[in-house]
Amino acid sequence: MTHMPPDPMLEALAEARAAAARGEIPVGAVVLGPDGAILARAGNRTEADNDPTAHAEILALRAAAARRGSPRLPDCDLIVTLEPCPMCAQAISLFRIRRLIFGAYDPKGGGVDHGARIFDAPSCHHRPEIVGGVRETEAATLLRDFFQGKRQ
């Protein structure tokens, strides 16, 4: 019997809060397997790892792929607190994620509904099902509060 989280976005938000507590931009992600159980979870680690690609999505996708022993996750869903950037959107396509669910929209740096719109590009080989705006207010507030605290 597998443990299915009652609300996977709450799990992603917990990862985002943990990232903020470490001084990272508060973005969290979880990968759900085909049974709905969490395969992997991560929060941003760009500062801790000195790696500008250590976004929550990339870290969670890498961990899920390692756990599954496959570079593709076609029966898995990615839940993330912020609209993925173009780099992460391309990675989502390469991992062949079934469904992308995200919280806050990112008009400035997003790559899904804003900016590069990676999944709409002719060079994109896989477009997941996309659900945006899940717990949007909560995710956006977490980010806004983090950056306000940085400016003080």
Side-chain angles (χ1 to χ4, degrees), residues 1-106 109-114 116-120 124-146:
M1 186 165 175
T2 57
H3 172 266
M4 195 161 129
D7 182 345
M9 185 58 80
L10 288 178
E11 301 292 330
L13 285 162
E15 289 295 326
R17 284 188 200 89
R22 296 189 307 270
E24 303 278 359
I25 294 173
V27 177
V30 297
V31 177
L32 300 182
D35 60 357
I38 293 177
L39 276 176
R41 58 176 71 225
N44 274 358
R45 286 200 323 247
T46 58
E47 300 299 325
D49 293 357
N50 296 309
D51 180 355
T53 70
H55 290 195
E57 301 97 315
I58 300 286
L59 299 171
L61 289 166
R62 285 177 180 162
R67 185 167 177 192
R68 295 278 301 272
S70 172
R72 285 168 290 286
L73 303 167
D75 54 356
C76 296
D77 300 338
L78 175 69
I79 293 83
V80 61
T81 58
L82 180 64
E83 175 184 349
C85 73
M87 175 187 69
C88 291
Q90 187 63 50
I92 289 162
S93 178
L94 293 171
F95 277 99
R96 304 292 195 262
I97 286 294
R98 173 179 57 190
R99 182 179 303 116
L100 164 65
I101 300 165
F102 67 86
Y105 288 87
D106 188 356
V112 177
D113 281 347
H114 297 89
R117 298 176 192 246
I118 295 297
F119 302 126
D120 294 335
C124 183
H125 298 296
H126 173 76
R127 177 185 170 85
E129 177 186 334
I130 300 166
V131 179
V134 175
R135 293 190 173 269
E136 179 180 6
T137 303
E138 193 172 348
T141 299
L142 188 58
L143 285 156
R144 188 171 41 255
D145 291 352
F146 175 81

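Position 1 is the first residue of the sequence, and the numbers go up from there. FYI, side chains are in, hydrogens and waters are out, and symmetry mates aren't considered; it's all heavy atoms of this structure.
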What donor-acceptor contacts under 3.5 angstrom involve side-chain atoms of residues 25-33, with partners at least two apart or in another chain?
none

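Here L73 contributes atom CG and R68 contributes atom CZ; the two are 6.0 Å apart, rounded to the nearest 0.5 Å. For the atom pair F102 CZ and E136 CD, the distance stands at 8.5 Å (nearest 0.5 Å). T81 contributes atom OG1, which lies 8.0 Å from atom CG of N44 (distance to the nearest 0.5 angstrom). The distance from atom CZ of R135 to atom CG of L142, rounded to the nearest 0.5 Å, is 12.5 Å. To the nearest 0.5 Å, atoms OG1 (T53) and CZ (R45) are separated by 10.5 Å.
At a threshold of 4.5 Å between non-hydrogen side-chain atoms, the residues I97 and C76 count as touching. Counting heavy atoms from C-beta on, the side chains of I130 and V112 come closer than 4.5 Å. Counting heavy atoms from C-beta on, the side chains of H125 and L94 never come closer than 4.5 Å.
When the options L61, V134, I101, L100 are evaluated for a side-chain contact (heavy atoms from CB on, under 4.5 Å) with V80, the one that passes is L100.
Looking at residues two or more places apart in sequence or on another chain, you find no salt bridge (charged side-chain N to carboxylate O under 4.0 Å, His left out) involving D51. P86 meets the side-chain contact (heavy atoms from CB on, under 4.5 Å) test with A116, I118; sequence neighbours excluded. Looking at residues two or more places apart in sequence or on another chain, you find a salt bridge (charged side-chain N to carboxylate O under 4.0 Å, His left out) between R41 and E11, E15. Scored by the side-chain contact (heavy atoms from CB on, under 4.5 Å) test, P71 finds no partners at all (sequence neighbours excluded). Under the rule for a side-chain contact (heavy atoms from CB on, under 4.5 Å), the partners of D120 that lie at least two apart in sequence or sit in another chain are R117, R127. Residues passing the salt bridge (charged side-chain N to carboxylate O under 4.0 Å, His left out) test with E47: none are found, sequence neighbours excluded. With sequence neighbours left out, the side-chain contact (heavy atoms from CB on, under 4.5 Å) criterion links A14 to no other residue. Every residue was checked against the salt bridge (charged side-chain N to carboxylate O under 4.0 Å, His left out) condition with R22, not counting sequence neighbours, and none meets it.
Residues P52 and T46 approach most closely at O-CG2, 3.9 Å, considering heavy atoms. Shortest non-hydrogen contact noted between G111 and A89 is O-CB, 4.0 Å. The minimum heavy-atom distance between F146 and A20, with the atom names listed, is CD1-CB, 4.1 Å. The nearest pair of heavy atoms linking L13 to A139 is CD2-CA, 3.9 Å. Taking all atoms of both residues into account, the shortest heavy-atom contact from R67 to I38 is NH1-O, 3.6 Å. A40 and A64 get closest at one heavy-atom pair: CB-N, 3.6 Å.
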May I have the step-by-step check of side-chain contact (heavy atoms from CB on, under 4.5 Å) for F95 and L78, ending in yes or no?
-> CA-CA 10 Å; F95 277 99; L78 175 69; over 6 Å; no
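Pairs passing the ring pair (Phe, Tyr, Trp, His ring centres under 6.0 Å) check and including a residue from residues 39-62, sequence neighbours excluded, do not occur. Among residue pairs with one or both ends in residues 83-106, those qualifying as side-chain hydrogen bond (donor to acceptor under 3.5 Å, both in side chains) are D77-R98, D77-R99, E83-H114, R99-E129; sequence neighbours excluded. Note on residues 52-61: no pairs pass salt bridge (charged side-chain N to carboxylate O under 4.0 Å, His left out), not counting sequence neighbours.
Checked by atom type and distance alone, the side chain of D35 pairs as donor or acceptor with a backbone atom of A37 at under 3.5 Å.
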